[in-house]
Amino acid sequence: MKHPLAITLFLTGLCFLKATEPDATQLVKDSFDYYRGKASVSIMEMTIHRPDWERTQVMKVWTVGEEDSLLTTLEPTKDKGNGTLKNGEEMWIFNPKIRRTIKIPPSMMAQSWMGSDFSNNDLAKSNNIIDHYTHTLLETTEIDGHKIYVIESIPTPEAPVVWGKQILKIRDDLIFIEESFFDEAGERVKTLSFTDIRDFGGKLYPATMRMRPADKPKQYTQLSYKELQFLDTLPERYFSLSSLKNPPRK
């Protein structure tokens, strides 16, 4: 028979290990809060890379919390003024050449955003993964002195979501390292990696994000921050159809 003291110490050790593990749901929520912040203004470069060609655009982006964002293209000249507005769960795009604003219907949310490897759904997501998924901590690894938490996110029954599951890798300082998307059959569809972590005004943040389709290893879309400023708030008028057509000057 095992000694009662040994059993007690063993159980105490298990309880301690469990207590030191973060709650997966809270970790995901805190990481998304950190990622979005209260408000931000940025200049971002998007590179769409294909085996036989590459295209780059420069955009200005305004965000507030998880719900609202406005994006307008600055370069190249032929695309200048193209815009995307997300207000709550609704999205619109604007084409200055025809002066037309189009609301994105649910049937188009899975389509490519501006010809990239990001979909409209990727751009629109806010607290979707928090509200409609259950989260489980699969393992904890270590890279460059940081703990990396690997979390499996499974949609709840009847959840209005696209993916069969997601796998998140989150650093111990709440910075996303990787997000992988799987279909209902459990096959990986694409992976979003976060790299080049820099200090932007006192906040550590990944300056580069790359989305790569699983079945097209030589194809990707990369988003790189050239400027990024975090703020406490932005005027509500920035996130309107009027601002989509005539973006703010600052």
Using modelled atom types only, decide if a donor and an acceptor are shared between the side chain of [X] and the backbone of [Y] within a distance under 3.5 Å.
| X | Y | answer |
| --- | --- | --- |
| K97 | K78 | yes |
| S243 | R237 | yes |
| R36 | G65 | yes |
| K103 | E90 | no |
| D122 | S119 | yes |

Please report the interatomic distance [atom1]([X]) to [atom2]([Y]), rounded to the nearest 0.5 Å.
| X | Y | atom1 | atom2 | result |
| --- | --- | --- | --- | --- |
| E179 | S193 | CD | OG | 11.0 Å |
| T191 | I167 | OG1 | CD1 | 10.0 Å |
| Q57 | N82 | CD | CG | 7.0 Å |
| K190 | M211 | NZ | CE | 4.0 Å |

How about [X] and [Y]: do any of their side-chain heavy atoms sit closer than 4.5 Å?
| X | Y | value |
| --- | --- | --- |
| I43 | V58 | yes |
| F94 | L241 | no |
| M44 | M209 | yes |
| T84 | M91 | yes |

May I ask you to check whether [X] and [Y] show a side-chain donor-acceptor distance below 3.5 Å?
| X | Y | value |
| --- | --- | --- |
| H135 | T25 | no |
| S40 | W62 | no |
| T195 | T208 | no |
| D117 | Q219 | yes |

task: Please check if the distance between the ring centroids of Y225 and Y205 is under 6.0 Å.
output: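 Centroid distance Y225-Y205: below 6.0 Å, so yes.
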query: Taking the six-membered ring for Trp, are Y34 and F176 ring centroids under 6.0 Å apart?
result: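 No, the ring of Y34 stays outside the 6.0 Å limit from the ring of F176, centre to centre.
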Less than 4.0 Å between a side-chain N and a carboxylate O, is that true for [Y] and [X]?
| X | Y | value |
| --- | --- | --- |
| K80 | E75 | no |
| D52 | R50 | no |
| K203 | D199 | no |

Please name the pair of heavy atoms, one in [X] and one in [Y], separated by the smallest distance, quoted to 0.1 Å.
| X | Y | value |
| --- | --- | --- |
| K38 | D232 | CB-O, 3.5 Å |
| E54 | Y220 | OE1-OH, 4.1 Å |
| T47 | T56 | OG1-OG1, 3.4 Å |
| L70 | P248 | CD2-CD, 3.7 Å |

